[in-house]
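Input: a single structure, listed below in structure tokens.
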Amino acid sequence: MNKIKILLVFAIGSLLINSCQDPVCDDIILQLKSLNCNEKKCQLDLKNIFSEKWDQLYFFHGFNTPKDISKVMGFEYYGDAIYDQTKLILEIANEKIIKSSKTECLSLNLDRVLKNGYYKKDAANSIVTLIISGESNRPDYIIDN
């Protein structure tokens, strides 16, 4: 009986750990770390992080409805609303969403660039300043214009 309880606790624990992972965040942070930026500020081409062939890249912060997102993009967004700390990343080409990602990545800080709940970057002007702060084992990546 004790073995069953242990297995049950282990199974529930594994499910909880796996459900808390954020693969979008992990991928972005891995790519940012691979830049080997030795300074506290670096130039970052967003095309190197978001590799689809996008024309526009949008970051939406929490509390945006599909109606809000559609208004900003200029065409219909059929996804769900965004809540709390969730960020929605949309890669768009020819007025179509080619990739949609959601993340709660706390290491990716967009507070300096988010205006009215969103941030837009065009592929022709995809370079931003990346500011790295915090401890070296757990840095924060701040996107700045």
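Closest non-hydrogen pair, K102 versus V24, comes out as O-CG2, 3.6 Å. Looking at every heavy atom in both residues, D84 comes nearest to H61 through O-ND1, 4.2 Å. The heavy-atom pair separating Y119 from N145 by the smallest distance is OH-OD1, 2.9 Å. Taking every heavy atom of both residues into account, D122 and W54 meet most closely at C-CZ3, 3.7 Å.
By the 4.5 Å heavy-atom criterion applied to side chains, F60 and L114 are not counted as neighbours. Side-chain contact between K47 and I127 is absent, with no heavy-atom pair separated by less than 4.5 Å. Inter-residue side-chain proximity for I82 and I69 is flagged as met; some heavy-atom pair is nearer than 4.5 Å. With a 4.5 Å cut-off on side-chain heavy atoms, D55 and I92 do not count as touching. Using a 4.5 Å heavy-atom threshold, the side chains of C37 and I132 count as touching.
If you check the side chains of N64 and Y77, you find no donor sitting under 3.5 Å from an acceptor.
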Requested in this report: Apply the test side-chain contact (heavy atoms from CB on, under 4.5 Å) to residues I89 and I28: give CA-CA distance (whole Å), side-chain angles for both, the deciding distance (0.1 Å), then the verdict.
Outcome: CA-CA 11 Å; I89 304 167; I28 291 170; 3.9 Å; yes
Requested in this report: Check the pair I131, K40 against side-chain contact (heavy atoms from CB on, under 4.5 Å), reporting the backbone distance first and the verdict last.
Outcome: CA-CA 6 Å; I131 300 169; K40 292 292 180 184; 5.6 Å; no
Report task. Start with the C-alpha gap between L130 and L32, add the side-chain angles, then the distance that decides, and say whether side-chain contact (heavy atoms from CB on, under 4.5 Å) holds. Result -> CA-CA 9 Å; L130 179 69; L32 291 173; 4.0 Å; yes
Query - Derivation and outcome, side-chain contact (heavy atoms from CB on, under 4.5 Å), residues I142 and T129 - result: CA-CA 8 Å; I142 302 165; T129 300; over 6 Å; no
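Proximity of a side-chain donor or acceptor of T86 to a complementary backbone N or O of Y83 within less than 3.5 Å is detected. Using a distance-only test at 3.5 Å, with no hydrogens or angles considered, a donor-acceptor pair links the side chain of D22 to the main chain of E104. The closest donor-acceptor contact from the side chain of K87 to the backbone of C105 lies under 3.5 Å. Proximity of a side-chain donor or acceptor of K99 to a complementary backbone N or O of L90 within less than 3.5 Å is not detected.
The number of heavy atoms from other shown groups lying within 6.0 Å of OH (Y118) does not exceed 12. Atom CD of Q85 has 12 or fewer neighbouring heavy atoms from other residues, nucleotides or ligands inside a 6.0 Å radius. By the neighbour-count criterion of 12 heavy atoms within 6.0 Å, atom CD of E76 is densely surrounded, having more than that number from other residues, nucleotides or ligands.
For the atom pair NZ (K121) and OH (Y58), the distance works out to 13.0 Å, reported to the nearest 0.5 Å. Between K115 atom NZ and L110 atom CG the span is 11.5 Å, to the nearest 0.5 Å. To the nearest 0.5 angstrom, N94 atom CG is 9.0 Å from Q56 atom CD. Rounding to the nearest 0.5 Å places CD of Q31 at 11.5 Å from CG of D26. Distance check: S101 OG to D27 CG gives 9.0 Å after rounding to the nearest 0.5 Å. The line from CG of L44 to OG of S126 is 8.5 Å long, rounded to the nearest 0.5 Å.
No single ILVMFWY cluster, assembled from side-chain heavy atoms under 4.5 Å apart, contains both I143 and L106. Under the 4.5 Å side-chain heavy-atom criterion for grouping Ile, Leu, Val, Met, Phe, Trp and Tyr, L57 is not connected to L88 through any hydrophobic cluster.
Just one residue in the list L35, I29, L30 forms a side-chain contact (heavy atoms from CB on, under 4.5 Å) with K33, and that residue is I29.
Using a 30° and 60° split on the angle between ring planes, F50 and F59 fall in the perpendicular class, above 60°.
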